[in-house]
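Single-structure report; data block below.
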There are 2 protein chains.
Amino acid sequence: VPVLRILSRDAAAYRRLIEDALLPDLSITDDDASCDVVFGEPSLIAPHVAAMPRLRWIQSTWAGVEPLVAPGMRRDYTLTNARGVFGRQMVEYVFGYMLALERRLIEKYLTQRERQWDPRAPGSLEGKRVGLLGVGSIGADLARTAKHFGMHVRGYTRTSEDCPDVDEYAHGDSLIPFARDLDYLVLTLPSAPHTRRLVNAEVLAALPQRAVVINPGRGSTVDEEALIDALRSGRLAGAVLDVFDTEPLPPDHTFWTMDNVLITSHTAALSDPASIAGIFVENYRRYLSDEPLQYGVDFNAGY
Amino acid sequence: VPVLRILSRDAAAYRRLIEDALLPDLSITDDDASCDVVFGEPSLIAPHVAAMPRLRWIQSTWAGVEPLVAPGMRRDYTLTNARGVFGRQMVEYVFGYMLALERRLIEKYLTQRERQWDPRAPGSLEGKRVGLLGVGSIGADLARTAKHFGMHVRGYTRTSEDCPDVDEYAHGDSLIPFARDLDYLVLTLPSAPHTRRLVNAEVLAALPQRAVVINPGRGSTVDEEALIDALRSGRLAGAVLDVFDTEPLPPDHTFWTMDNVLITSHTAALSDPASIAGIFVENYRRYLSDEPLQYGVDFNAGY
C-alpha cells in the first residue's frame, strides 16, 4: 500500500485536493521512515530524502528540481516534476509581453496620461522570427502559439527535433547563427551546468539591434552584466525578465532603472495547487499500474 | 478594358503597388467620367460617384464604408471593402490587451518604477468567457484565437451560426442573457442603424462587475455616457477603447482621466497598403473573369 508524505508550503491545500480525489489504496503520513511516495517542493524535500528508506517516487510541485539533483543526492528513485502545468501560463506570459511590445501598449498608456491622441502605428508578430532556447514541453507550447500568430520559429535544443511547430532547428555550437536575425529570443531553459551563462556577450552581440530577450526560465542562463551592457548601449532593443541571479531583485539593481527592461518578479508561471494535484493524481494512477510516469526527470541532465 | 481611378491619401503608394502587380488590361485614369473601377477611401470617393457614369465596382481600402451606403447614394454597382486584412491585426490588438490585463502588465510596470518586487499572481484567459458582438470575418478570427487560449466563446449575430469556434450563439433580443457572466465583451460591429448604441446602459448592467469591454469596432455602437457611468461606479471593471463618437478624442473628455480605461487612438487595425492592394489584385482577377468578388458589401445592411 503506497504511503504518501507531503512536504509543501501548501501542504493543507494539497492534502485536501489529494484526499478529495479518493485515490485507491493511498495513505498519508507525516513520517519519513514509512513513506514510499513524496509530493512537494524540492527545497523542502531535499533535507529529508536521506532519511527515507522506502522512497520510490517524488512528485515535485515545481518545474525546477535543482535541490534534488545536486551532486551527492541519491538517485535511486523516480523523480517527476510539474512542467506540464506551466506551458499554458508561459504562453500567456510570453505572448502577452510580445504583443504588448508590438502594440506599444506602455507607450500608449503613457501618452494617454498626457491626454494625447496617439496615432502611432503598432507592429505585428506576423512574419517575425522567434528563437526558442529550449524546446521541451513548454517550448513546444510556445512554438504552437507562435505559429498561430504567423511567426517563423527557430528552436535550439541539445538533440531532439520532434516539435512539429519548429520551422528550423539548431544544436551544439550553432547558437550564434541561431541568434542572428531573431526578433525575439525566448529562454525556457532549466538551470543545469550546460545552460549556465549560455546567453553570454557573444550571443547577445549576434542578436539584431531590434531584438528583445524574454526570460521566464532561469536567471542563471543569462550573463546579467553582458545583458545590461547590450541594453544600455542600445545594441539590443529590450528585455522582459522574470528571473534573476538574485531574487527578489535587490532595490539597487540596475535592471530596475532601465527604460527598455520589463520586470515581472518571478510570476510568469505559478504553481496552481489544483493543476499540480492533477498531475500527481494522474501519475499516481500510473504508479499503481506500473506504467511510466509523466514528466520524468533525468538525473544526469538535471531536468 | 477596365479603367481604374484611385482616390486615396496614399494614392501614389497604391498606384505603384498596383502597377507592380502587372494586372492584365488595366489602365489608370484621373478622370471621373471614364472610370469603371474605383479604389480608395470611401470618404474621398463618395463626392465623386454621382459623376461616374461608367462605374461598375468600388474597392474600399477601409472596412467601414458608411459614406458610400448613406441614404440617397447610388447602389447600381458592386461595392467591396477590405475587411479581410483587419482580422489578424484585430486578433493581436484584442489578445494583446486581454493578456496584458490578465498579466497585470501596467500594474507591474508601475511597481517596477518604484523598484518594488511584485509577486502578485497574474490571471489567465483559460476558461474565461468572451462574448463577440459581431461574428463576421474579424469575429471569426477572434473566435479562433480565443479557442487557442482555452476560452469559452459566445457569439451574437443577426442570424448566421457558421463559425466553428463559437461555442454558443445568441440573436435578436437575447443580448441581455448573452452579456451575463462574460469576462470580456468584444465589439467588432460595423456602424449601421441597427448597431447604433446597441451597447447601452441595460447591456452594460447585465455584465458582471469583473467584465472588461473592448471596442475596436465603431464608437457609435456604444452609449459612451452609460459606459462612463458603469466604469466610474465600479459596476464594470474596465474598458479598452479604440474608437469614439468624436475622434480624435477631445482633450477634456472624461475617458482620458479614468484609471480603468485604456485608449488606443483608432490604431487597432490600420490599412497596410501592401495588404489592401493585395485584396484589390485578387478581386481584379475575379472581376475580369466574372467571378464573385471577395468582401462584398450589402447596401441594405451597410457592411
Side-chain angles (χ1 to χ4, degrees), chain A residues 88-89 91-106 108-126 144-145 148-150 240-241 244 247-253 255-259 261-272 275, chain B residues 88-89 91-106 108-126 144-145 148-150 240-241 244 247-253 255-259 261-272 275:
Chain A
R88 290 266 199 169
Q89 293 182 70
V91 162
E92 296 198 12
Y93 175 80
V94 169
F95 286 85
Y97 276 86
M98 290 202 303
L99 288 168
L101 291 170
E102 293 292 345
R103 303 294 321 186
R104 308 174 129 193
L105 190 145
I106 287 172
K108 285 187 184 280
Y109 166 75
L110 294 174
T111 54
Q112 174 180 342
R113 301 212 301 191
E114 308 293 323
R115 300 175 173 228
Q116 268 180 46
W117 189 253
D118 179 355
R120 282 178 294 177
S124 168
L125 292 181
E126 199 171 354
R144 186 168 150 263
T145 301
H148 181 88
F149 283 103
V240 179
L241 302 175
F244 303 90
E247 294 180 13
L249 193 64
D252 60 349
H253 198 286
F255 280 142
W256 288 118
T257 61
M258 300 182 79
D259 280 342
V261 173
L262 291 170
I263 292 170
T264 56
S265 305
H266 211 139
T267 56
L270 302 176
S271 300
D272 161 47
S275 308
Chain B
R88 289 267 198 167
Q89 293 182 71
V91 162
E92 296 199 11
Y93 176 79
V94 169
F95 286 86
Y97 276 86
M98 291 203 303
L99 288 169
L101 291 170
E102 293 291 347
R103 302 293 322 187
R104 309 175 128 191
L105 190 145
I106 287 172
K108 285 186 185 278
Y109 167 75
L110 295 173
T111 54
Q112 174 179 345
R113 301 213 301 191
E114 308 293 323
R115 302 175 173 226
Q116 267 180 45
W117 190 254
D118 180 355
R120 282 178 294 177
S124 168
L125 293 180
E126 198 171 354
R144 186 168 149 265
T145 302
H148 181 88
F149 283 103
V240 180
L241 303 175
F244 303 91
E247 295 180 12
L249 193 64
D252 60 348
H253 198 287
F255 280 142
W256 288 118
T257 61
M258 300 182 79
D259 281 342
V261 173
L262 290 169
I263 292 171
T264 57
S265 305
H266 211 139
T267 57
L270 301 176
S271 300
D272 160 47
S275 308

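Because the structure is predicted, anything quoted here is derived from the model rather than measured. What's counted below: heavy atoms across the whole structure, side chains too, no hydrogens, waters or symmetry copies. Lettering of chains follows the sequences in order, A, B, ..., and the numbering in each one begins at 1.
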Do you know which of B:T257, B:L105, B:L262 has the most heavy-atom pairs with chain A at a distance under 4.5 angstrom? B:L105

Is any side-chain heavy atom of B:F95 closer than 4.5 Å to a side-chain heavy atom of B:F149? yes

Just give me the residue among A:L101, A:T111, A:I263, A:T264 that pairs up with chain B most often, heavy atom to heavy atom, under 4.5 Å. A:I263

Can you tell me which of A:V91, A:L270, A:L125, A:D252 forms the most heavy-atom pairs within a distance under 4.5 Å of chain B? A:L125

Are B:L249 and B:L241 packed together at the side-chain level, in the sense that at least one heavy-atom pair is separated by less than 4.5 angstrom? no

In terms of heavy-atom pairs under 4.5 Å with chain B, which of A:P119, A:S124, A:G96 leads? A:S124

B:D118 vs B:Q112 side-chain heavy atoms within contact, under 4.5 Å: no

Would a 4.5 Å heavy-atom cut-off, applied to side chains only, mark A:W117 and B:H266 as touching? yes

Which one wins on heavy-atom pair count under 4.5 Å against chain B: A:K108, A:E114, A:R103? A:R103

What part of B:F255 is in contact with chain A, defined as an atom under 4.5 angstrom from a non-hydrogen atom: side chain, backbone, both or neither? backbone

Between B:A100, B:P251, B:A121, B:P250, which residue shows the highest count of heavy-atom pairs closer than 4.5 Å to chain A? B:P251

Out of B:R115, B:R113, B:R104, which one racks up the most heavy-atom pairs below 4.5 Å with chain A? B:R115

Can you find a pair of side-chain heavy atoms, one from B:H148 and one from A:T145, that are under 4.5 Å apart? yes

CD (B:E102) and CD (A:Q89) are apart, to the nearest 0.5 Å, by 11.5 Å

